Amino acid sequence: MNNIQPSLEIDVAGIRMKNPVMTASGTFGYGSEYVDFIDLNKLGAVVVKGITSVPWAGNSMPRIFETPSGMLNAIGLQNVGVDGFIDKKLPYLRNFDVPVIVNICGEQVGEYLEVTEKLDAADGVAAIELNISCPNLHCGGMSFGVDPKLTDELVKGVRGKTTLPLLVKLSPNVTDITVIARAAEGAGADGLSVINTALGMAIDINTRRPQLANVTGGLSGPAIKPIALRMVWQVYNAVSIPIIGMGGIMNGEDAIEFCIAGAAAVAVGTANFINPRASLDVVEGITEYLERHGMRSIEKLVGSLEVP
Amino acid sequence: MLVPTKKFDLPTEVISNELVAENHYLLRCSCPEIAAGALPGQFIHVLIPQGSGLLLRRPFTIYTVEGDEITMLYQLIGEGTNVLSSLKRSDSIRVLGPLGNTFEISPAPDPAVIVGGGAGIASLMLLAAALRENGAHALGLVGSMNSARLLSVEDLEAIGIETYIATDDGSVGHHGFVTELLMEILETHEMKNPQIYACGPDGMLRVVTKIALDYRIPAQLAMENRMGCALGVCLGCVCKVRMPSGGFEYQRVCTEGPVFNAEDIIW
């Protein structure tokens with residue numbers, strides 16, 4: 001036994017965090033929903049539900065469906081809008097000593113820019129996560145994240161409106177994720193969130209109707225973990241900005257896998273629905289792993305995959 | 001009525017899990033913190049044991065609270081409930097709760113007309129008990145496919161609630177829908193300050209709503225939906241609710257609900 005106390009503190013994309021574990025957007029509300037179960041101060045960062053320029057009603061029902069080891073959703077970005085977020089949600093989060101990362105989305109470039117300007121002026125926003133990968137919008141959202149030219153244009157636009165650290169959340173629903181990753185990096189992204197949900201669907205064979213009103217939805221949970229890991233590895237080898245790995249992380253061991261594949265930090269998503277303490281369990285799991293392996297920090301693990 | 005109840009996620013053991021009617025089970029477990037805070041209409045989110053291959057929890061209404069123990073009355077409807085029904089005494093489960101809002105029961109209804117369709121009656125038992133504790137006059141209307149699936153009649157009668165039965169096949173009670181029974185009760189009983197409380201299949205709730213509007217009787221519905229987190233973050237369990245401004249809003253069954261005013265629901 002050795003007595004090395006690992007330090008989990010890291011700086012990722014200019015965001016100083018107590019540990020490398022964030023909550024994935026859309027799976028942690030605005031933070032307040034989880035305070036009966038965890039101390040938000042113990043998280044690396046809180047990434048809030050996607051915000052748009054005006055409140056969005058969201059899609060009709062049904063919106064979710066469980067599939068083997070996964071979950072399909074087509075919520076349609078129901079949210080309070082940027083003004084509602086700044087007035088009603090952000091003040092509560094300022095009570096905590098945790099970086100707040102705001103996920104933003106829109107149908108048009110102008111909407112992203114408007115939201116960015118408002119967040120840049122608000123007190124208590126540590127970083128912006130640009131959602132160019134929501135699969136449940138008919139225009140905007142993912143369409144920006146499947147075309148490198150549109151990615152470049154949008155990221156450059158948002159970059160010009162803020163000095164806050166800028167993360168870009170990538171879609172797995174592309175032929176080559178490295179093309180989009182490079183476009184985002186070239187346009188000024190400080191880090192990349194890899195990955196958003198994978199587009200999928202499910203059918204009720206008795207009624208022959210889709211299980212989601214939106215027909216298709218985003219697949220999350222352990223079912224997509226191998227895809228997410230593969231994409232983190234590909235992006236790690238294509239860019240030099242840090243990666244936040246996400247997609248089916250349920251425990252510390254899953255998180256370590258992402259780090260080995262190239263993630264400098266991780267985000268816990270669907271696991272929050274099943275275990276409200278999941279994000280802190282991941283922090284503890286990472287600490288135990290580092291202790292067991294006599295490592296002082298995760299930095300040496302990042303991208304340490306031993307390729308035979 | 002929205003209530004800020006503290007929520008707990010507790011590991012516990014099954015005390016009993018018995019078949020109480022065809023296709024329906026009653027599971028009992030000890031959850032002191034949840035039992036202490038549980039209000040009528042509230043529910044728990046149950047983690048299906050590891051190894052089942054299922055990912056998400058399943059929501060169930062709290063049927064009764066007895067000391068530190070709570071029970072849930074559930075219908076077998078899919079894989080999750082099938083796994084649950086196989087649990088034996090001392091098997092481990094995790095229970096998250098108490099969740100959701102509660103029924104409005106003041107001013108005291110006279111009578112309170114409780115209308116349960118199938119397993120929907122389970123969402124109304126804590127309410128029935130609370131109404132009786134407040135000394136309110138309450139009538140219980142229980143609908144079922146047939147006599148073999150009939151639920152809760154003895155439990156309602158045990159707390160002094162005058163109970164009426166409707167079965168689809170006429171094997172016991174009124175031959176037909178529980179909503180027909182509701183109309184009959186409204187026509188034949190003295191109604192001073194009537195209030196309707198209902199839970200059941202969507203089709204039934206739509207008819208209850210129509211009757212309540214026709215008779216100008218306030219009605220509260222306990223809604224059901226597929227749920228992800230049950231904590232208000234995934235936004236998967238919404239229903240469409242009419243707003244005073246004229247528009248609508250998707251509200252969460254797990255947080256703004258499960259109890260809604262019938263007239264506010266847009267079907």
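Proteins get letters first, then strands, A, B, ... in listed order; numbering begins at 1 in each. Not measured: the values here are computed from a predicted model.
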Flag the one option from A:Ser60, A:Gly221, A:Ser69, A:Pro222 with the top tally of heavy-atom pairs under 4.5 Å to chain B.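 If we count pairs closer than 4.5 Å to chain B, A:Ser60 comes out on top.
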
Using a strict cut-off of less than 4.0 Å between a Lys/Arg side-chain nitrogen and an Asp/Glu carboxylate oxygen, indicate whether A:Arg277 and A:Glu284 qualify as a salt bridge.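 Yes, this pair counts.
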
Under a 4.0 Å threshold between the charged nitrogen and the carboxylate oxygen, would A:Glu66 count as salt-bridged to B:Arg58? yes

Taking a cut-off of under 4.5 angstrom between non-hydrogen atoms, the residues of residues 59-83 of chain B near chain A are none

Give the interface residues of residues 24-33 of chain A toward chain B, defined by a heavy-atom separation under 4.5 Å. A:Gly26, A:Thr27, A:Phe28, A:Gly29, A:Glu33

Using the ring of B:Phe8 (Phe, Tyr or Trp, six-membered ring only), decide whether B:Lys6 places NZ or CZ under 6.0 Å from its centre and within 45 degrees of its axis.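 Geometry flag: set, cation within 6.0 Å and 45°.
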
Please look at B:Leu56 and chain A and tell me whether the side chain, the backbone, both or neither of the residue comes under 4.5 angstrom of a heavy atom of that chain.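 For B:Leu56, heavy atoms of backbone and side chain both lie under 4.5 Å from chain A.
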
Is B:Leu54 in contact with chain A via its backbone, its side chain, both, or neither, using a 4.5 Å heavy-atom distance? both

How long is the gap from CG on B:Asp168 to CE on B:Met145, to the nearest 0.5 Å?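 One finds 7.0 Å between CG of B:Asp168 and CE of B:Met145.
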
What part of A:Thr67 lies closer than 4.5 angstrom to a heavy atom of chain B: side chain, backbone, both or neither? neither

Is a side-chain N or O of A:Thr216 found less than 3.5 angstrom from the main chain of A:Gly200, in a donor-acceptor match? no

Test item: A:Asp204 side-chain N/O and A:Thr207 main-chain N/O as donor-acceptor pair under 3.5 Å: yes

Side chain to side chain donor-acceptor pair (under 3.5 Å) between A:Asn272 and A:Thr270: does it pass, once the steps are laid out? CA-CA 5 Å; A:Asn272 293 313; A:Thr270 301; over 6 Å; no

Any donor-acceptor pair under 3.5 Å linking the side-chain atoms of A:Asp281 with those of A:Asn275?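 Checked: A:Asn275/A:Asp281 side chains pair up, N/O donor to acceptor below 3.5 Å.
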
Side chain to side chain, B:Phe260 and B:Leu205, heavy atoms closer than 4.5 Å: no

Got a sec, which pairs hit side chain to side chain donor-acceptor pair (under 3.5 Å) with one end in residues 240-250 of chain B, sequence neighbours left out?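 As it turns out, the side chain to side chain donor-acceptor pair (under 3.5 Å) pairs with a partner in residues 240-250 of chain B, which skip direct neighbours, are B:Glu249-B:Gln251.
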
Please, which pairs that meet side chain to side chain donor-acceptor pair (under 3.5 Å) have at least one residue in residues 85-94 of chain B, sequence neighbours excluded?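 Non-adjacent pairs meeting side chain to side chain donor-acceptor pair (under 3.5 Å): B:Asp9-B:Arg94.
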
